[in-house]
Student: 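Pasting in a structure now, in structure tokens, and then I'll have a few things to ask.
FYI, side chains are in, hydrogens and waters are out, and symmetry mates aren't considered; it's all heavy atoms of this structure.
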Amino acid sequence: MRGPGRLAFMASAWLAASGVAAAAPRLTVGPVRGDPRVAIPAQVATALCGTFECVLWREVSTRGRPDLVKARARGVGGVLTGVVQPGPAGASVALSVLTTSTRPARTWTFPLTAAGTLRTAALQQLERELKALLAPPAPPR
């Protein structure tokens, strides 16, 4: 192999070996109970599916519930679901990510805007913390 083809091959091999070209973690954004307009899952999916490789809810659920056996079979590292909670100061949403069991690996509670959506800062925090939680372990040196 000569010329640009060889260079491209060598570059892709280097990226793969260095971990730079590692695939994004896989995530499913599931339903949020108490959100009849489905605004929160749509907003979260829009914010996160550029950073994560998103897998459809129907591929990792059974009878409307997360199915971690299906999730593992599809390489999904986290299933994010939630519930809207009314409160005296306004509604909030509790979002939980399931990783290896039906017990959440992490739960976040964020206040909702008057429109029933998450603020940008909440989405940024969620993205940052999910990246840290779902990142594949670094290879041993």
Side-chain angles (χ1 to χ4, degrees), residues 1 3-141:
M1 188 180 316
R6 182 171 187 245
L7 182 61
F9 173 77
M10 290 173 57
S12 63
W14 176 81
L15 287 172
S18 68
V20 173
R26 300 187 91 196
L27 176 75
T28 293
V29 178
V32 174
R33 287 181 298 152
D35 180 18
R37 296 182 305 126
V38 193
I40 297 167
Q43 182 186 23
V44 169
T46 299
L48 298 180
C49 290
T51 301
F52 298 94
E53 182 182 340
C54 287
V55 176
L56 295 174
W57 169 250
R58 70 173 179 248
E59 293 183 23
V60 299
S61 63
T62 301
R63 292 187 211 110
R65 296 201 171 277
D67 186 329
L68 295 178
V69 171
K70 286 182 179 179
R72 275 190 286 281
R74 287 162 180 78
V76 174
V79 178
L80 189 70
T81 61
V83 62
V84 173
Q85 304 167 328
S92 62
V93 63
L95 296 172
S96 298
V97 65
L98 307 177
T99 55
T100 58
S101 76
T102 55
R103 183 179 187 147
R106 180 81 163 57
T107 298
W108 299 264
T109 301
F110 299 112
L112 296 175
T113 65
T117 59
L118 291 163
R119 291 178 174 76
T120 302
L123 290 168
Q124 291 170 341
Q125 177 186 347
L126 184 64
E127 178 180 8
R128 190 173 52 251
E129 293 179 12
L130 277 170
K131 278 170 53 176
L133 182 68
L134 300 179
R141 291 186 178 229

Student: According to the salt bridge (Lys or Arg N to Asp or Glu O under 4.0 Å) rule, which pairs have a member within residues 82-100, sequence neighbours left out?
Tutor: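 For residues 82-100, and leaving out neighbouring residues, there are no salt bridge (Lys or Arg N to Asp or Glu O under 4.0 Å) pairs at all.
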Student: Checking Glu129 now: which residues fulfil salt bridge (Lys or Arg N to Asp or Glu O under 4.0 Å) with it, not counting sequence neighbours?
Tutor: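 So Glu129 forms a salt bridge (Lys or Arg N to Asp or Glu O under 4.0 Å) with Arg106.
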Student: Under the salt bridge (Lys or Arg N to Asp or Glu O under 4.0 Å) rule, what pairs show up with a residue in residues 76-92, not counting sequence neighbours?
Tutor: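 Sorted result for residues 76-92: empty, none.
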Student: Tabulate below the donor-acceptor pairs under 3.5 Å that side-chain atoms of residues 73-81 make, not counting sequence neighbours, or state none.
Tutor:
from  : atom 1 : to    : atom 2 : distance (Å)
Arg74 : NE     : Glu59 : O      : 3.1
Arg74 : NH1    : Glu59 : O      : 3.4
Arg74 : NH1    : Lys70 : O      : 3.3

Student: Please list all pairs passing the salt bridge (Lys or Arg N to Asp or Glu O under 4.0 Å) test where one or both residues lie in residues 91-101, with sequence neighbours left out.
Tutor: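 Listed once each, the pairs would be none.
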Student: Residues two or more places apart in sequence or in another chain: which of them pass side chain to side chain contact (heavy atoms under 4.5 Å, CB included) with Ala91?
Tutor: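 By the side chain to side chain contact (heavy atoms under 4.5 Å, CB included) rule, Ala91 matches Val84, Leu112.
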Student: Restricting to side chain to side chain contact (heavy atoms under 4.5 Å, CB included), what partner residues turn up for Ala115, sequence neighbours left out?
Tutor: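 Here the qualifying residues are Thr113, Thr117.
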Student: Please collect all side chain to side chain donor-acceptor pair (under 3.5 Å) contacts where either partner lies in residues 27-51, sequence neighbours excluded, each pair once.
Tutor: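 For residues 27-51: Thr51-Glu127.
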Student: Run the side chain to side chain contact (heavy atoms under 4.5 Å, CB included) test against Ser96 and tell me which residues pass, sequence neighbours left out.
Tutor: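 In terms of side chain to side chain contact (heavy atoms under 4.5 Å, CB included), with neighbours along the sequence ignored, Ser96 is linked to Pro104, Thr107.
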Student: Tell me the disulfide bond (SG atoms under 2.5 Å apart) pairs involving residues 51-98, sequence neighbours left out?
Tutor: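 Checked against disulfide bond (SG atoms under 2.5 Å apart) - neighbours excluded - the pairs reaching residues 51-98 are Cys49-Cys54.
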Student: Got a sec, which pairs hit salt bridge (Lys or Arg N to Asp or Glu O under 4.0 Å) with one end in residues 45-57, sequence neighbours left out?
Tutor: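 Sorted pair list: Arg26-Glu53.
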Student: For Ala47, enumerate each residue passing the side chain to side chain contact (heavy atoms under 4.5 Å, CB included) test, keeping only those at least two apart in sequence or located in another chain.
Tutor: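 Expected list: Leu123.
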